[in-house]
Amino acid sequence: MGDLSAEQAAAGLAEPPAPDPEDPGDGVFKVRLSNFEGPFDLLLQLISKHKLDVTEVALSKVTDEFMAHIRAMGPDWDLDETTEFLVVAATLLDLKAARLLPSAEVEDEADLALLEARDLLFARLLQYRAYKQIADIFSRRLDDEARRYPRTVGLEPHHAELLPEVVISIGAEGFAKLAVKAMQPKPKPQVYVDHIHAPLVSVQEQAGIVVARLKELGEASFRDLVRDTDDTLTVVARFLALLELYREKAVALDQEIALGELVVRWTGGDGDDAPQVTDEFDRPPELPKEEEKA
Amino acid sequence: MSEETTELPAGLRGVADLDLKPALEAMLMVVDEPATEEHLAKLLERPKRQIARALRELADEYLTQGRGFELRFVAGGWRFYTRPEYAAAVERLVLEGQTARLTQAALETLAVVAYRQPVSRSRVSAVRGVNCDGVMRTLLQRGLIEEEGTEPETGAILYRTTNYFLERMGLRGLDELPELAPFLPEAEAIEAETQEGVPSFDPDAPDSEDADDN
Amino acid sequence: MSEETTELPAGLRGVADLDLKPALEAMLMVVDEPATEEHLAKLLERPKRQIARALRELADEYLTQGRGFELRFVAGGWRFYTRPEYAAAVERLVLEGQTARLTQAALETLAVVAYRQPVSRSRVSAVRGVNCDGVMRTLLQRGLIEEEGTEPETGAILYRTTNYFLERMGLRGLDELPELAPFLPEAEAIEAETQEGVPSFDPDAPDSEDADDN
């Protein structure tokens with residue numbers, strides 16, 4: 001049962017002075033070995049490295065370094081961490097791109113969205129910074145307090161004698177059961193996400209519909225292929241189905257101009273054997289990496 | 001210790017004539033958690049205000065006399081502590097009981113829980129921008145936070161800080177936590193935005209809160 | 001949790017410049033066994049005679065000032081005691097809220113000690129997943145567990161159950177404690193229940209009226 005200290009080392013307590021990169025911790029631990037705690041921490045560190053004021057900083061200045069850090073992390077991240085980093089990175093890149101454009105005028109909705117994204121990023125960054133500063137206060141406070149020891153001496157023998165005799169009424173068996181229960185490893189807190197990722201729309205199923213329609217029409221625009229649905233998930237599923245069919249060379253895709261009409265042509269022949277569409281998109285998500293650690 | 005008075009054994013001597021201050025000193029010598037003024041008042045059969053004044057005066061006396069101990073009001077109650085100036089001497093005696101320091105991650109997480117409580121793990125993770133499950137477990141294990149019900153809409157478990165947290169921080173209560181506002185320019189505006197589930201970060205709002213909580 | 005300690009080792013902070021009397025007061029505040037003059041002299045790096053004189057002077061001060069506690073030389077060492085004149089107040093405090101039965105938390109902790117002995121407090125906390133210091137103190141106080149040496153590597157105090165524990169359980173020896181193995185399958189069922197039910201309340205558990213861990 002030495003797992004607590006390992007767990008503490010991995011999760012919350014100060015690591016030994018020379019952390020071992022081979023430590024079999026989870027991804028969270030590895031991130032911390034690189035000396036930052038998530039995207040906001042990294043961003044704050046980069047900003048302060050350049051001695052920039054966080055409230056005024058042009059984030060494009062630190063974007064490249066941020067991206068470099070992400071790249072340096074390699075393939076070891078789990079989806080959880082990567083997602084947050086990518087969200088921040090994408091926002092940063094957006095902002096950088098916007099600065100490269102000649103006009104700074106707010107003209108269309110895309111600009112507005114960019115401004116919103118920037119404000120949101122700032123807001124989250126500032127919020128995180130606030131808690132970080134509070135954490136420093138907590139740290140000092142806990143250190144100060146650790147120099148005070150409460151009196152926890154308990155009763156003098158003649159007082160302890162006043163206590164009523166202890167009654168243990170559960171019997172030896174009950175006691176053993178209790179011991180088993182108490183020593184049972186506690187279930188790790190976890191939130192079940194299956195329902196979130198459950199494929200409400202099956203790509204395989206939608207592929208069937210798309211194939212049937214294309215075989216009948218020979219050629220159709222994507223707009224036509226999704227005309228009978230206004231459900232985003234179904235549209236996405238049909239698009240994914242097309243990608244799979246394209247991979248199987250069952251369809252040809254043609255799009256004359258960017259964001260223009262996408263024309264799909266059936267190239268799968270007239271046979272009855274339907275092209276292979278995998279269940280790649282329909283499988284439940286991989287179990288969280290966390291589990292492997294236990 | 002329960003607050004309600006149990007029947008006192010018949011033979012028990014009266015406390016009404018006891019000098020208040022030494023009676024308090026004697027009692028506080030044997031408590032092993034902070035004793036509330038209400039509790040002491042009830043046990044000593046005096047008005048709470050009188051108890052409170054006596055305790056403050058005692059604390060002052062120890063300070064003035066340069067004693068090696070102090071009487072402090074922490075986590076809602078009074079308790080004897082060694083004075084920090086003499087930590088070096090005390091530490092020669094007690095090796096156990098020294099607690100490990102918290103990591104930066106744990107401190108940040110604790111800070112978010114302290115100010116946002118009751119708060120779900122996913123909310124904490126959202127503020128820090130990283131998954132906090134492991135750190136939250138550590139804080140739970142060390143008794144610094146505890147569960148407090150669930151969020152009605154999502155079923156997510158909510159967490160709050162414990163009394164032990166207050167003790168470790170030497171705080172009388174949560175209201176003694178430093179104000180967050182000075183650290184947070186336009187705090188309210190940011191609060192309002194982030195409360196709403198952060199659309200551009202989270203396409204699945206309002207479920208968003210828990211989407212990243214795996 | 002001394003294994004995790006990253007604090008400065010006790011010996012590194014100087015004690016030589018500390019004022020003697022308050023340093024002694026601080027140390028005696030935290031010991032529950034009488035401390036010998038030799039021991040205190042060594043820890044504080046002063047001549048034993050100087051220690052002895054300071055302790056006597058402190059004892060006199062408390063007497064003169066009519067404090068509710070006293071410093072007594074008992075069984076070869078010095079220890080703070082409550083002054084007998086205020087026993088009535090202390091007795092009220094002791095008896096308040098005390099029952100013959102143990103809380104659920106205390107029973108569980110006792111069970112862990114019984115089956116894992118000798119075991120340190122931090123290990124017990126690790127097994128139970130919550131900080132057990134308060135409960136362990138209660139068990140000590142009620143005479144159900146006692147100290148038995150220290151862990152060689154960490155210096156952590158180890159605990160074992162007492163004869164009084166055996167007596168209260170109606171057992172002749174520890175070997176009469178039932179094997180755990182036969183109960184293991186059932187434990188899974190218990191786990192399953194508690195996982196979905198309200199976590200801290202188990203209606204079937206004996207003495208569940210107090211889920212509080214202190």
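Quantities reported herein were computed from a predicted structural model and do not represent experimental measurements. To find a chain, count down the sequence lines: A is the first, B the second, and so on, and within it residues start at 1.
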_Is Arg83(B) in contact with chain A via its backbone, its side chain, both, or neither, using a 4.5 Å heavy-atom distance?_
backbone

*Which of the residues Ser139(A), Pro150(A), Ala130(A) is involved in the greatest number of heavy-atom pairs with chain B at under 4.5 angstrom?*
Pro150(A)

_Would you compute the distance between atom CD of Glu33(B) and atom OG1 of Thr152(A) and round it to the nearest 0.5 angstrom?_
11.5 Å

_Tyr149(A) ring center within less than 6.0 Å of Tyr86(B) ring center_ = no

*Looking only at heavy atoms, what is the nearest atom pair of Ala135(A) and Gln104(B), with distance?*
CB-NE2, 4.3 Å

*Tell me, side chain or backbone of Leu139(B) under 4.5 Å from chain A's heavy atoms, or both, or neither?*
neither

*Could you tell me the separation between the CZ atom of Arg129(A) and the CZ atom of Phe183(B), rounded to the nearest 0.5 Å?*
10.5 Å

*Quick one: do Glu145(A) and Arg168(B) make a salt bridge, cutoff under 4.0 Å?*
no

*With only heavy atoms counted, which part of Leu142(A) is less than 4.5 Å from chain B, the side chain, the backbone, both or neither?*
both

*Heavy-atom distances under 4.5 Å only: say whether Glu167(B) touches chain A with side chain, backbone, both or neither.*
backbone

*Measuring heavy-atom distances to chain A, does Met29(B) have an atom under 4.5 Å in its side chain, in its backbone, in both, or in neither?*
both

*Nearest 0.5 Å, what's the CE-CD1 distance between Met169(B) and Ile137(A)?*
8.5 Å

*asked:* Keeping Arg124(A) on the side-chain end and Ala126(B) on the backbone end, is there a donor-acceptor pair under 3.5 Å?
replied: yes

_Quick check against the 3.5 Å criterion: does Arg141(A) have a side-chain atom that pairs as donor or acceptor with the backbone of Gly170(B)?_
yes

*asked:* Nearest 0.5 Å, please: how far is CG in Leu180(B) from CD in Gln127(A)?
replied: 8.5 Å

*Interface moiety of Val31(B) toward chain A, non-hydrogen atoms closer than 4.5 Å*: backbone

_Rounded distance [0.5 Å steps], OH in Tyr128(A) versus CZ in Arg128(B)_ = 5.5 Å

*Is a salt bridge present between Arg148(A) and Glu85(B), judged by a nitrogen-to-oxygen distance below 4.0 Å?*
no

*Working to the nearest 0.5 Å, report the span between CZ of Phe138(A) and CG of Leu171(B).*
7.5 Å

*Looking only at heavy atoms, which two atoms of Ile134(A) and Glu179(B) are closest? And how far apart?*
CD1-O, 4.5 Å

